[in-house]
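A note on names: the letters A, B, ... follow the listed sequences, proteins ahead of strands, and every chain is numbered from 1.
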Amino acid sequence: MKRTHHCNELRPAHIGQTVTLSGWVHSRRDLGGLIFIDIRDREGRTQTVFDPSDLPAALFEQAAALRSECVVSITGAVRQRPVGTNNAKIPTGEVEVAVTALEVLNMAEVLPFPVDDPEIASKVNEELRLQYRYLDLRRPEMARNLKVRSKVAIATRSYMDEQGFLEVETPTLFKSTPEGAREFLVPNRREPGTFYALPQSPQQFKQILMVAGVERYFQLARCYRDEDLRADRQPEFTQVDIEMSFIEREDIYALIEGLLKRVWKTALNMDIPTPFKRISFEEALNRFGIDKPDTRFGMELVDFTAEFRTSTFKVFSGAIAAGGVVKALNAKGLAGATQGQIETMTEYAKSFGAKGLAYIKVENGEWKSPIVKFFSATEKAALIAKLAIEEGDLILFAADQWLTACEILGKIRLYCADVLKTQGRLVIPADQFNFLWVIEFPLLGFDREQNRWYSSHHPFTAPVTQDIPLLKTDPKKVRGQHYDVVVNGVELGGGSIRIHQPDVQKTVFEEVLQIPPEETKLRFGYMLDAFRYGAPPHGGIALGFDRLIAILCGTPSIRDVIAFPKTAKGTDLMTDSPATVSAKQLRDLHIELKVPKPAGMPTPPAPGTTPQ
RNA sequence: GGGGGUGUAGCUCAAUUGGUUAGAGCGCUGCCCUGUCACGGCAGAGGUUACGGGUUCGAGCCCCGCCACUCCCGCCA
């Protein structure tokens, strides 16, 4: 019985045709004398009817014995449902198939969790879902996520192809490059003591491809980072990796805006407006306290440094005298915040090194606050004016060095938004996507502990041209030609125009980052070599593909858009990986373990060996 | 590495704050049911309360340890 239609295909136009459907028993309703079975496949589901008056008894009995998720193939005639029995919930709900033949392709055991009920299935313990991932992926919601991912991958490839890009694969067995994320290492059997590393990203290969004259490169590249995980971080993940020659920042902006426009149209049939807004790193911090602002709601930070410079409240004026700033935000309507919520916010502040968190609750016409008694009338008037203070508001302050003060309030702003969302007082439409470019990042950050400058993006990022002279005189002021694309508070991707002039690169490495020349040669020698033989000006970007798909699918966790993701500890519950290996495998790799053998666990036999 | 949350029937959750025989819905098994689509009705089975200790006359509940999952901080050039 070869299938003639999929389970989301039959409509009134098919009435009268004899069809064969194959799929899983989604649900069955056995009325005794009549059995309804919904057959589900990747595309949808269709109701089939077993009527004993038309069927041999044996076939009817067979249908009665079916259970959820048995795999069947049925043949029958498509017919109009009787008046009043249409099911508006499914696209095939106007018709049904009157079964004349049934083939049970496979029975299914009772499932560990339901796949037919989205309400329950979405709440099932993720541990179980991961252990039985093949069942989880059968759920229509998960199947849809896989489909969106595939469509977006294909749309990306076709868009990049139209734009003249070549898809080039780069090695996953690479060389360890110690800065940045911790790497996964792969021991080399052929030369004891040497290791490959899995790439954190194809960064260096893609730049070398520019030297190789590829001009326009892209890849859906698998990347590996051996760092602790989050809802939006997996040890292996996928980037849309892009690099172009003979371009400036504007070219990247236009390219990515076009790509995302295509992607949103493909996945959600939405037309997103371009060009995207642009905001400097400094403005993003000043207004939102974070370099990936969620601009779907207000509660922006307000600066009060001028107002409190000569204040008698020493916590504020002292912070300013020490070169810091005073900033505040108005958490509209949160005066009723619980002690626990204030506590949480205070913890955020403390985690940034602040001593505490100053606040004012505006309740019953009064300012309830431990600090307000120190404020002058002028200061109060300034607060009211600039923060538009009203009854029911909660005002939160940070007085610290500029970056710290901004970051504290940025964190608190997001927390307050979450609280308001939970209370239903802040509603953000699911189809609102606020894209923006964050630009003009500082090229360098300063590491107080090590007393040296470090690259805030990576050491190949080009400085803004007019800032190059500042490299040697005032590194803090140098802006990088670095850009991030952000949507709704999520960093979708980032990149930069790279340095292609050997003298600038030398200055950055040796004079700014203070890396000794011999070390530079050891770590980046092959790249610097390549750059000596005619490197075109170039730049690129990488988008987090998993995050992109998660946003399109409206899920907070990228595990929902990866077919076989790993847990927060990096294990795969379905295959029980990682696992120990045999002594022989270790010997081949010249590796001796220093970890104690797990108690009570015999050493597993080497794969492929048979017991003697 | 640190902090928070969760763990009770196959699944989702209760268990009046330490007190009788640990319950419900769904699922499962059996019987009944010819227009259901969350089908319905009747009956039934199903529990080492993650695991190991401890306190107590008595522990699902309190204490210590441990494991797993999860969220966050650190980390992620």
Within residues 64-90 of chain A, those residues having any heavy atom closer than 4.0 Å to RNA chain B are A/Arg67, A/Arg79, A/Arg81, A/Pro82, A/Thr85, A/Asn86, A/Asn87, A/Lys89

Test item: A/Lys206 side-chain N/O and A/Ile242 main-chain N/O as donor-acceptor pair under 3.5 Å:
yes

Under 4.5 Å between any side-chain heavy atoms of A/Leu21 and A/Glu9, yes or no?
no

Across all strands, who's sitting opposite [N] as a Watson-Crick or G-U wobble pair, both distances under 3.5 Å?
| N | value |
| --- | --- |
| B/G7 | B/C67 |
| B/C37 | none |
| B/U55 | none |
| B/A24 | B/U12 |

Classify the side chain of [X] and the base of [N] as holding, or not holding, a donor-acceptor pair under 3.5 Å.
| X | N | answer |
| --- | --- | --- |
| A/Arg233 | B/C76 | yes |
| A/Gln47 | B/U36 | yes |
| A/Asn125 | B/G7 | no |
| A/Glu347 | B/G3 | no |

Regarding [X], tell me which of base, sugar-phosphate or nothing describes its non-hydrogen contacts under 4.0 Å with the strands shown.
| X | value |
| --- | --- |
| A/Ile120 | sugar-phosphate |
| A/Gln203 | base |
| A/Leu128 | sugar-phosphate |
| A/Thr567 | sugar-phosphate |
| A/Arg129 | nothing |
| A/Thr177 | nothing |

In terms of side-chain heavy atoms of A/Arg230, which of B/C11, B/C72, B/U36 is nearest?
B/C72

Selection from B/U36, B/U29, B/C76 that lies nearest to any side-chain heavy atom of A/Arg225:
B/C76

Taking only the side-chain nitrogens and oxygens of A/Thr571, find out if one of them lies under 4.0 Å from OP1 or OP2 of B/C69.
yes

Short N-O contact, A/Lys506 and A/Glu511, less than 4.0 angstrom:
no

Assess whether a salt bridge exists between A/Arg225 and A/Glu227, defined as any Lys/Arg side-chain N lying under 4.0 Å from an Asp/Glu carboxylate O.
no

What pairs with A/His14 under ring pair (Phe, Tyr, Trp, His ring centres under 6.0 Å), at least two apart in sequence or on another chain?
A/His5

Applying ring pair (Phe, Tyr, Trp, His ring centres under 6.0 Å) to A/His458 and not counting sequence neighbours gives A/Phe460

